[in-house]
**Student:** 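The following block contains the structure, expressed as structure tokens.
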Amino acid sequence: MSLRLRDRTLHGPDRQESSGSVLRAAGYRRLFIGQSVSSLGDWVATLAFIAAAFALTDGDQAAVAIVLVLRLVPPIFAAPVGGVVADRLSRRTIMVSSDLVRAGLILAVPFMGIHGLYVVAFVHECVSLFFLPSRDASIPGLVPQRKLEEANGLMLAASYGSIPIAAALFGFLRVAPAHLPSPTWLRLHPIALAFLFDSLTFLFSAAMNAGLRLGGGSGKQGIQLFGDLIEGVRYIATHPALRSLSYGLVVSMFGGGVLFAVGIGYVHETLGGSDAAFGWLAALWGVGMAAGLGAVRVLPSGARPREFLAGVVSCGLLLALMALAPVLWMAFISAVVFGAAFAIAIVLALTMAQEQSDNRIRGRVMGGVQMLFRVGLGLGALGIGWLAHEAAEFHLPLSLDGNQVGLLTGAVLILLGAIAASGVLRVRSI
């Protein structure tokens, strides 16, 4: 028997005209604008965290690595807890409070040493993982159901599309204090201006989110953390569609982590390319993601499970192609197609997870999604990165270097994950 999409009762936006852009829904438009500005600040702050760690330790690369690891560890526990809170308290209150707390945390960074920087990086990411399940669980109540793919695609674009702008803006904010009259505090602490900018973007996001009309979680029973977590895990484990989506989602993010980890080594060592070639590879991946986000708007909603699984399988096959056919022009083409398949798989997984979960438990499901995002990315980046570094040349029918071994291993694991996720094909729209 096919599994039918759940929680089909649609709210305010569905009484509006459902044609045209999803940005016609006023509530979603507020959320989108706030997230676009806040995400720009987040990426500026990410670069500022790296620069500050480097400066505070006199150029110790390990300090930079610690900051990045601290942004991967929290999802193991913070995202599921954030999902519980999203199901029990007002989601609008959670989002506004998270924005205000993060604004204060970021503003304090310039006054701290390296250990304080580590603490703020960790706590900041934990607070973000209270915000994100509430945001993602709220989107189905802000847009018509038929617009969910577009809404999720735009939110993903808002989260990652501002990276080039953020890089340029960070550069400007970094050098601007040098042109201030001397002596000033900002001139003595030039990275502080980037943190101040990020803090202001959180305040802007809080103001936008405060005007949202959202249904909250069910606060009647209060928060029973352990029991609510167990209920969420049991709900996903006994729900075949969500279970299959979990497999596909984690291996999709794993693929992104693989390419991130071995990309520069693959270009330099395997392909004999330059830093410029790696820059082109990364840029073309971004172009592919943009194309995928555009394509997801026109894909037929009834074929989502098939399209999702095709995206996952494509990610695996493309990594295998890059491993077995190491040619620069082919790698460029593969990067574009990989970016598109990756974006389509992620957006459709998020959309189907929202539709398949009841509103009373959607926050916990979205918390699980955020956890899988980062766990998959972390496993791909750290695990395959380590394997590529350690692997000696393999002399099989083909001679493979460590980067190729990493890509091929990642491809095999993704395809095995796609087989495990094939149960998603039993999902169909009504």
Side-chain angles (χ1 to χ4, degrees), residues 26-49 52 67 70-71 73-75 77-112 116-139 141-142 155 158-159 162 166 169-170 173 186 189 191-217 219 222-223 225 363-364 366-367 370 374:
Y28 178 81
R29 186 167 62 247
R30 287 186 70 92
L31 180 64
F32 174 76
I33 293 172
Q35 284 296 278
S36 297
V37 172
S38 179
S39 293
L40 177 63
D42 272 346
W43 287 113
V44 168
T46 296
L47 296 173
F49 267 113
V67 169
L70 288 173
R71 302 196 71 170
V73 171
F77 64 92
V81 174
V84 169
V85 175
D87 284 335
R88 297 304 184 199
L89 304 179
S90 163
R91 290 169 183 160
R92 179 179 60 188
T93 299
I94 294 168
M95 289 193 289
V96 172
S97 300
S98 297
D99 280 335
L100 294 176
V101 170
R102 289 183 292 177
L105 284 169
I106 289 295
L107 201 57
V109 172
F111 302 97
M112 296 183 173
L117 185 76
Y118 293 157
V119 171
V120 170
F122 182 83
V123 175
H124 176 274
E125 194 67 17
C126 288
V127 176
S128 296
L129 290 166
F130 278 76
F131 178 94
L132 292 171
S134 290
R135 183 200 71 183
D136 293 341
S138 299
I139 290 175
L142 294 173
M155 200 61 69
S159 297
S162 59
L169 183 57
F170 171 74
L173 294 171
L186 279 176
H189 302 83
I191 301 175
L193 193 58
F195 289 115
L196 174 61
F197 174 79
D198 187 34
S199 182
L200 292 175
T201 65
F202 280 127
L203 294 178
F204 178 83
S205 176
M208 296 300 289
N209 292 332
L212 295 175
R213 296 182 178 180
L214 298 177
I223 297 176
L225 184 58
R364 278 164 281 183
M366 293 301 103
Q370 291 296 332
R374 285 158 171 87

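All residue numbers in this chain count up from 1 along the given sequence. The analysis underlying the following values was restricted to heavy atoms, covering all of them including side chains, and did not include hydrogens, waters or symmetry mates.
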**Student:** Please report the shortest heavy-atom distance between S162 and A158, naming the atom on each side.
**Tutor:** OG-O, 3.9 Å
**Student:** Can you tell if the side chain of S38 reaches within under 4.5 Å of the side chain of F202, non-hydrogen atoms only?
**Tutor:** yes
**Student:** Rounded to the nearest 0.5 Å, how far does CD1 of I94 lie from OG of S138?
**Tutor:** 8.5 Å
**Student:** Can you tell me how far OG of S205 sits from CZ of R135, rounded to the nearest 0.5 angstrom?
**Tutor:** 9.5 Å
**Student:** Is there a side-chain contact between F170 and T46 (heavy atoms, below 4.5 Å)?
**Tutor:** no
**Student:** Can any side-chain N or O of R30 pair as donor or acceptor with the backbone N or O of A207 at less than 3.5 Å?
**Tutor:** yes
**Student:** Contact between V67 and Y118 at the side-chain level, heavy atoms closer than 4.5 Å - yes or no?
**Tutor:** yes
**Student:** May I ask you to decide if A86's main-chain N or O and R91's side chain share a donor-acceptor pair within less than 3.5 Å?
**Tutor:** yes
**Student:** Could you check whether any side-chain N or O of D87 sits under 3.5 Å from a backbone N or O of G363, counting only pairs where one atom can act as donor and the other as acceptor?
**Tutor:** yes
**Student:** Taking all heavy atoms of F49 and all of I106, pick out the closest pair and write down the distance.
**Tutor:** CE1-CD1, 3.8 Å
**Student:** Hey, does L100 have a side-chain heavy atom less than 4.5 Å from the side chain of L203?
**Tutor:** yes
**Student:** Which value, rounded to the nearest 0.5 Å, describes the distance between S98 atom OG and H124 atom NE2?
**Tutor:** 10.0 Å
**Student:** Do I139 and L31 pass the side chain to side chain contact (heavy atoms under 4.5 Å, CB included) test, and can you show the C-alpha distance, the side-chain angles, and the key distance before you say yes or no?
**Tutor:** CA-CA 9 Å; I139 290 175; L31 180 64; 4.1 Å; yes
**Student:** L40 pairs by side chain to side chain contact (heavy atoms under 4.5 Å, CB included) with which of L169, D198, T201?
**Tutor:** L169
**Student:** Flag the pair L173 / L196 as yes when at least one side-chain heavy-atom distance between them is below 4.5 Å, and no otherwise.
**Tutor:** no
**Student:** Measuring only between side-chain heavy atoms, which start at C-beta, is R88 closer than 4.5 Å to R364?
**Tutor:** yes
**Student:** Looking at CG of D42 and CZ of R102, how far apart are the two atoms once the value is rounded to the nearest 0.5 Å?
**Tutor:** 6.0 Å
**Student:** Any donor-acceptor pair under 3.5 Å linking the side chain of S199 with the backbone of F195?
**Tutor:** no
**Student:** Rounded to the nearest 0.5 Å, what separation is found between the CZ atom of F130 and the CD atom of Q370?
**Tutor:** 13.0 Å
**Student:** Under 4.5 Å between any side-chain heavy atoms of I33 and F204, yes or no?
**Tutor:** yes
**Student:** Which pair of non-hydrogen atoms, one from A194 and one from V44, has the smallest distance, and what is that distance?
**Tutor:** CB-CG1, 3.8 Å
**Student:** Less than 4.5 Å apart, any side-chain heavy atom of L212 and any of M95?
**Tutor:** yes
**Student:** Which atoms form the tightest heavy-atom contact between A137 and M366, and what is the distance?
**Tutor:** N-CG, 3.7 Å
**Student:** Closest heavy-atom contact between A210 and R92?
**Tutor:** O-CD, 3.6 Å
